[in-house]
J.: 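Quick one: this structure, given as structure tokens, is what I'll be asking you about.
FYI, side chains are in, hydrogens and waters are out, and symmetry mates aren't considered; it's all heavy atoms of this structure. Per chain, numbering begins at 1; letters A, B, ... match sequence-line order.
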Number of protein chains: 2
Amino acid sequence: MSSAIEEIERELVSAIDGDRLAQTFKAIADPTRVRILHALALAELPVCDIARLVQTSESAVSHQLSLLRAAQIVRRRKIGRHVFYALDDTHIRGLIEVGLAHLAHS
Amino acid sequence: MSSAIEEIERELVSAIDGDRLAQTFKAIADPTRVRILHALALAELPVCDIARLVQTSESAVSHQLSLLRAAQIVRRRKIGRHVFYALDDTHIRGLIEVGLAHLAHS
DNA sequence: CTAATATCTGAGCAACTGTTCAGATATTAT
DNA sequence: ATAATATCTGAACAGTTGCTCAGATATTAG
């Protein structure tokens, strides 16, 4: 016979997947990044426009975008002297939507 | 006539809501906390069991739980010398589910 | 009562994060 | 060619975070 705890132990996400899961949430868990991602959920945008929208320096936005790109959450595409960024992950949009629903009902 | 940017500017989450949104994700964006929350999504549990499940000291777990309680994500209920914790937020379960789906398809 | 168990708490510290600043690179306009 | 615009990058610095450690409190067992 197996205890209830052992049952949970089997279903519980592994330490490794816990790390990966936390990594995913960390990418969104910042005021600047979450607004960048929300903007990109609405449209593909160049860095300068993102910077204006989220009221942050272009340098800071560029740093955050390269972080998001390393996490494979956004993709970039160069057009002339602009670099357009777009969401490159279906689930991120879903996470932001659930997050916004949470704000609405609290 | 209004530009596309102005359209996005109107729809974009405000700086204040961006902060609140980031706060919500921050609460989940940690390897220890995300596993604690996943465990609590499976059952109501006392601190000592949570500590064993996530392989972290009871002190560290207690610190994390008080943080999650301050964020109104978990609730506590004392029974004898045990303190049972449980999820106190519908959306957190949803966020973890979407996060796990993300791991599965990548 | 005393010992054992369960939980909490504050201080301290090492690691991490997000920004600014200075400067590099690339593209386009004049 | 020169200037202006757009983007990127590394270093540095302040602020935050998550842990350990020591010790406090509370409940129950013997």
J.: For the pair Ser62(B) (side chain) and Glu58(B) (backbone), establish whether a donor and an acceptor sit closer than 3.5 Å, ignoring hydrogens and angles.
T.: no
J.: When you measure from every atom of DNA chain C, which of residues 15-43 of chain A have a heavy atom less than 4.0 Å away?
T.: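 The stretch gives Asp30(A), Thr32(A), Arg33(A) as the residues lying under 4.0 Å from the strand, ordered by number.
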J.: Under the criterion side-chain hydrogen bond (donor to acceptor under 3.5 Å, both in side chains), which of Arg35(B), Arg69(B), Arg33(B) is the partner of Gln64(B)?
T.: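 One option only clears the test, and that one is Arg33(B).
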J.: For Ser3(A), does its backbone N or O pair with a side-chain atom of Glu6(A) as donor and acceptor, under 3.5 Å?
T.: yes
J.: Nearest 0.5 Å, please: how far is CG in Leu68(B) from CD1 in Ile73(B)?
T.: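 Nearest 0.5 Å value for the CD1-CG distance: 5.5 Å.
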J.: So does Glu11(B) have more than 12 non-hydrogen atoms from other groups sitting under 6.0 Å from CD?
T.: yes
J.: Find which nucleotide of DNA chain C each of Gly80(A) and Ser59(A) is nearest to by heavy atoms, and output the residue with the more 5' nucleotide.
T.: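 Of the two residues, Ser59(A) wins.
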J.: Examine distances only and state if a side-chain atom of Thr56(A) and a backbone atom of Val54(A) form a donor-acceptor pair shorter than 3.5 Å.
T.: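 Between the backbone of Val54(A) and the side chain of Thr56(A) there is a qualifying donor-acceptor contact (under 3.5 Å).
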J.: Do any of residues 65-76 of chain B sit with a heavy atom less than 4.0 Å from DNA chain C, and if so which?
T.: Arg76(B)
J.: Name the first nucleotide and the last nucleotide along DNA chain D (5' to 3') that come under 4.0 Å of a heavy atom in chain B.
T.: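 Range of nucleotides within reach of chain B: dG18(D) to dA29(D).
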J.: Any chance you could lay out the salt bridge (charged side-chain N to carboxylate O under 4.0 Å, His left out) test for Glu9(A) and Arg52(B), step after step, and finish with the verdict?
T.: CA-CA 9 Å; Glu9(A) 198 161 22; Arg52(B) 281 207 316 115; 5.2 Å; no
J.: Is the backbone of Val13(B) close enough, under 3.5 Å, to the side chain of His38(A) for a donor and an acceptor to pair up by distance?
T.: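 Such a contact is found between His38(A) side chain and Val13(B) backbone.
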J.: Working note: Leu45(B) + Ile5(A), criterion side-chain contact (heavy atoms from CB on, under 4.5 Å); need CA distance, chi angles, decisive distance, verdict.
T.: CA-CA 9 Å; Leu45(B) 294 164; Ile5(A) 290 282; 3.9 Å; yes
J.: Regarding Tyr85(B), tell me which of base, sugar-phosphate or nothing describes its non-hydrogen contacts under 4.0 Å with the strands shown.
T.: sugar-phosphate
J.: For Ile16(B), I'd like to know if atom CD1 has over 12 heavy atoms of other residues, nucleotides or ligands within 6.0 Å.
T.: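 No, CD1 of Ile16(B) has 12 or fewer neighbouring heavy atoms, counting only those of other groups under 6.0 Å.
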